[in-house]
Structure formats: C-alpha cells, structure tokens
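Following this message is one structure expressed as structure tokens.
We count residues from 1, following the sequence as given.
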Amino acid sequence: MTVKTRRREFLKAFCIALAAPFISRAAANAKNPPILAATPTSQNPTVIENQKLGTTDWQLTNPATKREIEGYASLTSVNRGGEIKLFVNTKSANYTIEIFRTGWYNGLGGRRMTHPIVRNRFRQPPPIEDPTSGLIECDWKDPYILKIPNSGGEWTSGVYLVKLTANKTGKQSYIIFVVRDDKRKSDILFQSSVTTFQAYNNWGFKSLYRWNSRRKQAYKVSFNRPYGMSPNPTAAYGVGAGEFLTNFQPKKRTSNAGWEYNTLRWLEREGYDVTYATDIDTHFNPDLLFSHKAFLVVGHDEYWSWDMRQNIESARNEGISIGFFGSNICYWQIRLEPSRITKELNRTIVAYKELASLDPFGEVLASSTRDPRVTTLWRNKAVGLPEDALIGVMYETFQVNSDIIIDREAPNWLLEKTGLKTGDKLRGLLGYEVDRMFGNAPQNIVRVAHSPYSYNGGTRYADMTVYTAASGATVFATGSMQWAWGLDDYNAPQLRPSRLNPGAQQITRNVLAKMISSRPPITPSS
C-alpha cells in the first residue's frame, strides 16, 4: 500500500468515525422505530462486539446479475483458530475481497474486518456435472486462505459476508460463512440453515426443484459452488449469500425477502449472548448444543439429516430449550456425502424426494421400517418421525399472507408486557408457508395462536405453540416464517411492506427469557 493510499484510507476511516453517530441514528430510525430495549445482564461478547464501529460498506451497490463475479467457501462454518478457503471466479483482470461481520452496529448492520484485498484473476475451470444425479460441482483453484485468530476480541462468532468486487466492471457479489466459537458457552446458539439454502440454489441450472432446474431436477447438490441469484431481480442485492438476506423462492409466490438476517439484527440489537453455527455443524457435532441454554432455528429450515434430528432431540431431552422461529421445518430427510472431487465431508446433499424410486434405499418406502438414510418426508412411514412430535406443529401449505391471532390458551407469561389478549392480531406475520397442529405433539402442548387464512375458496388455520419437555426444556414454534419481519425491518420497503410489531418483539423476549432462565447457569469457559 502506497503512502498516498494509506493517507486516503486513514481519512476515510476518520470521516466514517466522525459521522457514525449521525449515520447510525438516521439508519436506525429509518429502518426500525425505537422499541423497548432488553436489559442485558452483562457486557457479554455480543454486546461488546456491537459497540464497535459499524459500516454500510458491506452492502452490494452494483450486484453481479450476470455472474460477472462469484465465489464460494470451502466450509459453511469455521471455528476460531481455523482457516477457510475462498474461491473466486471473474472475467476481470483483478478483483477485491472485503470481509464483514453482520450484526446490529447501531443500525448500520455490519462491521469491516479487513482492508480491501486485491487479487489477480485466476481462470477457473467450468463445473463438472454428473448427468445421472444432476450434481453440479466446482473444482476451483487459487483460493484466498483466511486464517481466523483465536485470541483477542476480534472475529467474534457470527455470520460473515465476503464482498467481492470485480475491478473492471465494479460488479459485486457475496460469499457467506459462519465463524463458530466452540469453546464459548453462550445463552443462545443461532443456527443458519444452509442445507435449505443449498437445496433451492440453482447455480449451474440445477437444484433439488424442478421449477428452477434445467430439464430435470437434481437429487444431489454440492456446497462447492456459488449461490445463485434470487428469481426476483429486485432482490439481486443478496446474490451469493444464499437465503440469509433474500430468498430463492419463485417471485410469484412470495416477496423474496429473507428471515435470518432480520432475526440476527434484532438479537444483537437487544444484547443477547449469542453464538452461531450452521445445520452442517448440528449434523456432525452431537455435543454442539450442550454448551448453550437455547437453540434457535429461524425462517426456512426444511432439509434435515437423521443426525441433525437426533442431536437436536437429545439436546431437548437434556434441558436445552428450542425456538422454532419459522415454518416448514424438518420437512425432508436428507443424507450428506463427501465431495466427489475433494473428498471433504458433508459437502454434498442427497435428496431424491419425488425421485424416490431411484433411491438405493427407496425400497423401505413400502415397508414399515424406519430408516435414517431414505430421503423422503419425515412424516412418511419409512421414517416414521412426524415433525410435530418434536416441533409441536408441522407444515400445512403456502402461499399465505395473513395475520396471527392470539388464542385463548396463550399463557400469561408469554403475553406479559405485550398488552395482547385473546383475538388480538399480529398483522402481516402469518406466511408465506404455515404450520398447524397435527396431533403428534406432547400432550401438554399449548396453542398460543390459531389463525385463519383463505385457501382455495375455504378457510384453514395455522397454529403457534409451546410445550415443556420432560427435561424442563421449553419448545416454542411460531408456525410462520414471517415472524422475523415483526422483529426487524430489513428488506422493507424494497421487497415487502413494513411488518414491525411490538407485540411480536415482546413475545420473543418473553420466550427467550423463559428459555434462558429454565436451564441452570452455564459455567463460563476458560
């Protein structure tokens, strides 16, 4: 870096620091009117992290809508002290890498972790396609290797975005990954549901869905490829980040606004003690959840492996509370396989779904034997574990856009300080996929909301529930993806109208307070 460049970077940082209080206040007020803040019990690492200087530089201002630059990471998550490889492809002679941690940061939404890193282009080979399974996998070279420090107050556990900029065209896209902190015992573990991100990802024109695949859908998809763009061009500013910021759902079905980032912003704004992981971590690490008091699944978490379910149920049975702040959760059972190219574990999702007759384990579909390998619906007799036996509710239908209505059974502790009563509405928070009670949940389940919506000229109902497991764990389910929009206004008004709701925010506080207090205090790790 030249003296002139260093001087320019210093002046930029100084101006940002000088303006930050004013920018922060304006951004916060524009996106989220002031609400009753939580009272954190201590200066936990999440609180300390969000006191650092934020920036809006993480946002894409010139999205790569024609794949002018794109990339992927070698892992979905990396522990502090580990390293992760970032693979990039572009037609520009060189490109820039910038890395940001996402959070609240006084409404700015992210914090810069690195200075811009300029790299020369490496001409990447085309992806390899398996014509039988439809698997599209890249074997790209010359990665940027990012080493995550394991000391100091930097690189706090969180969801990180790598902003890629092609220097010739100025086009931009993301690479997304999670930094874990496996030694830190936090109140809340937030899971990013990357298996569902990948199931809908049609980069290379193949996904697990017929509607966005070329010719026929795949029954194997790889993490060794970039995330494609939302079908809605207005949502292009999320390209490369899976369904973290925006989503892959068809434009005609939903608004293409996401859910996970909204919830993350709100949790960090409220000052909760949070660490982060992905569902790949939930799959392979049976001890992951035991260092936390509450485990949160947010938005869209449709694709679960047998090990994921076993590990989550084991945690519940040991007293770890679970918040299902979404819907259509644990709908398809999947298998995870190594990469066929790199041989790295858990890089390929296998889900035959409607092509079950091709599944080598498909013969069990006709039997009554449970099988942890067959890739079919969890409620199918071949698996025999309906979702609501764990969650309390399970998927009913889409496309829904309506109100959540408080039921007369809602417990007082859950409605405390909300001002809500039986029949009151949480407007616009029901949808776009919804769940209901099917009768397989524990007998002590309580129906918190019972919400009507129109369907094919008739009326159906969606449910929000809570129950206490024998271990004392609290299990709460909203039965709706759009709950996150009541917490935070990211994506409004670009992709959807504002749905901020103080009642939903206070219910979430009440639920988390019960979850955190119901488990004995965790002894801080050394």
Side-chain angles (χ1 to χ4, degrees), residues 193 196 247 249-250 253-255 257-260 262-263 296-302 304 322-332 377-379 386-411 414-415 418 420-467 474-487 496-497 499-501 503-508 510-511:
S193 302
T196 300
N247 71 57
Q249 308 313 307
R253 292 184 183 175
T254 188
S255 68
W259 311 278
E260 287 192 10
N262 298 73
T263 306
L296 301 189
V297 174
V298 175
H300 200 185
D301 188 20
E302 187 176 348
W304 285 34
I322 307 173
F324 294 103
F325 291 92
S327 59
N328 192 19
I329 294 167
C330 189
Y331 186 64
W332 291 104
L377 299 177
W378 281 91
R379 62 187 77 177
E387 307 95 288
D388 59 336
L390 166 64
I391 299 167
V393 291
M394 63 186 186
Y395 174 64
E396 170 79 339
T397 193
F398 71 93
Q399 164 79 4
V400 178
N401 188 18
S402 190
D403 306 326
I404 293 176
I405 300 181
I406 300 299
D407 190 66
R408 64 180 180 274
E409 298 179 14
L414 188 138
L415 298 181
T418 65
L420 296 171
K421 60 185 184 302
T422 301
D424 284 350
K425 296 180 179 181
L426 303 175
R427 296 192 180 277
L429 298 189
L430 187 68
Y432 81 95
E433 294 182 328
V434 296
D435 300 346
R436 69 170 175 89
M437 300 173 71
F438 277 75
N440 303 299
Q443 291 185 352
N444 66 343
I445 194 163
V446 176
R447 192 174 70 187
V448 175
H450 190 53
S451 309
Y453 60 91
S454 298
Y455 188 81
N456 285 344
T459 300
R460 290 188 180 184
Y461 289 84
D463 297 316
M464 182 163 66
T465 59
V466 66
Y467 72 87
T474 299
V475 180
F476 173 77
T478 62
S480 173
M481 289 181 186
Q482 292 175 192
W483 185 267
W485 298 351
L487 304 181
R496 60 174 180 84
R499 305 286 173 87
L500 282 179
N501 192 293
Q505 293 161 356
Q506 189 58 44
I507 287 175
T508 306
N510 295 342
V511 168

* Spacing of Asn501 atom CG and Thr418 atom OG1 [to the nearest 0.5 Å] -> 10.0 Å
* Asked: Just by modelled atom types, is the Pro452 backbone N or O under 3.5 Å from a matching donor or acceptor in the Thr459 side chain?
  -> no
* To do: Verify, without hydrogens or angle tests, whether Tyr467 (side chain) and Ile391 (backbone) share a donor-acceptor contact under 3.5 angstrom.
  => no
* Charged N to carboxylate O under 4.0 angstrom, Arg427 versus Asp403? -> yes
* **Heavy-atom pair with the smallest gap, counting every atom of Gln482 and Tyr432** => OE1-N, 3.2 Å
* Asked: Looking at Asp388 and Gly439, what are the two nearest heavy atoms and their distance?
  -> OD2-N, 3.4 Å
* Asked: Could you state the interatomic distance from CZ (Arg447) to CZ (Arg436), rounded to the nearest 0.5 Å?
  -> 11.5 Å
* Check Gly479 against Val393 and note the closest heavy-atom contact, atom names and distance. => CA-CG2, 4.3 Å
* Is there a donor-acceptor pair closer than 3.5 Å between any side-chain N or O of Asn440 and the backbone N or O of Pro386? -> no
* Any side-chain heavy atom of Arg499 within less than 4.5 Å of one from Leu429? -> yes
* **Nearest-0.5 Å distance, CH2 of residue Trp378 to CE of residue Met394** => 13.0 Å
* Asked: Quick one: CG on Asp424 to CD1 on Ile404, what's the gap to the nearest 0.5 Å?
  -> 13.0 Å
* For Phe325 against Val511, the heavy-atom pair lying closest together -> CZ-CG1, 4.3 Å
* **Partner of Phe476 under side-chain contact (heavy atoms from CB on, under 4.5 Å), chosen from Thr508, Asn510, Val466** => Val466
* What are the two closest non-hydrogen atoms of Asn328 and Glu433, and how far apart are they? -> ND2-OE1, 2.8 Å
* Please name the pair of heavy atoms, one in Met464 and one in Ala477, separated by the smallest distance, quoted to 0.1 Å. => CG-O, 3.1 Å
* Structure fact -> To the nearest 0.5 Å, atom OH of Tyr453 lies from atom CD of Glu396 at 4.5 Å
* Side chain proximity check, Tyr455 to Val400, heavy atoms < 4.5 angstrom -> no
* Cation-pi between Arg379 and Phe438: NZ/CZ under 6.0 Å from ring centre and within 45° of the ring axis? -> yes
* Assess whether side chain to side chain contact (heavy atoms under 4.5 Å, CB included) is satisfied between Leu426 and Leu420, documenting all intermediate values. => CA-CA 9 Å; Leu426 303 175; Leu420 296 171; 3.8 Å; yes
* Beyond-backbone contact of His300 with Asn247, side-chain heavy atoms, under 4.5 angstrom -> no
* Under 3.5 Å, side chain of Thr263 to main-chain N/O of Ala484, donor-acceptor pair present? -> no
* To do: Run the numbers on Ile507 and Trp483 for side chain to side chain contact (heavy atoms under 4.5 Å, CB included), then give the verdict.
  => CA-CA 11 Å; Ile507 287 175; Trp483 185 267; 3.9 Å; yes
* Asked: CG of Asp301 to CG of Leu296: how many Å apart, nearest 0.5 Å?
  -> 12.0 Å
* **Worked check of side chain to side chain contact (heavy atoms under 4.5 Å, CB included) between Val434 and Thr397** => CA-CA 6 Å; Val434 296; Thr397 193; 4.2 Å; yes
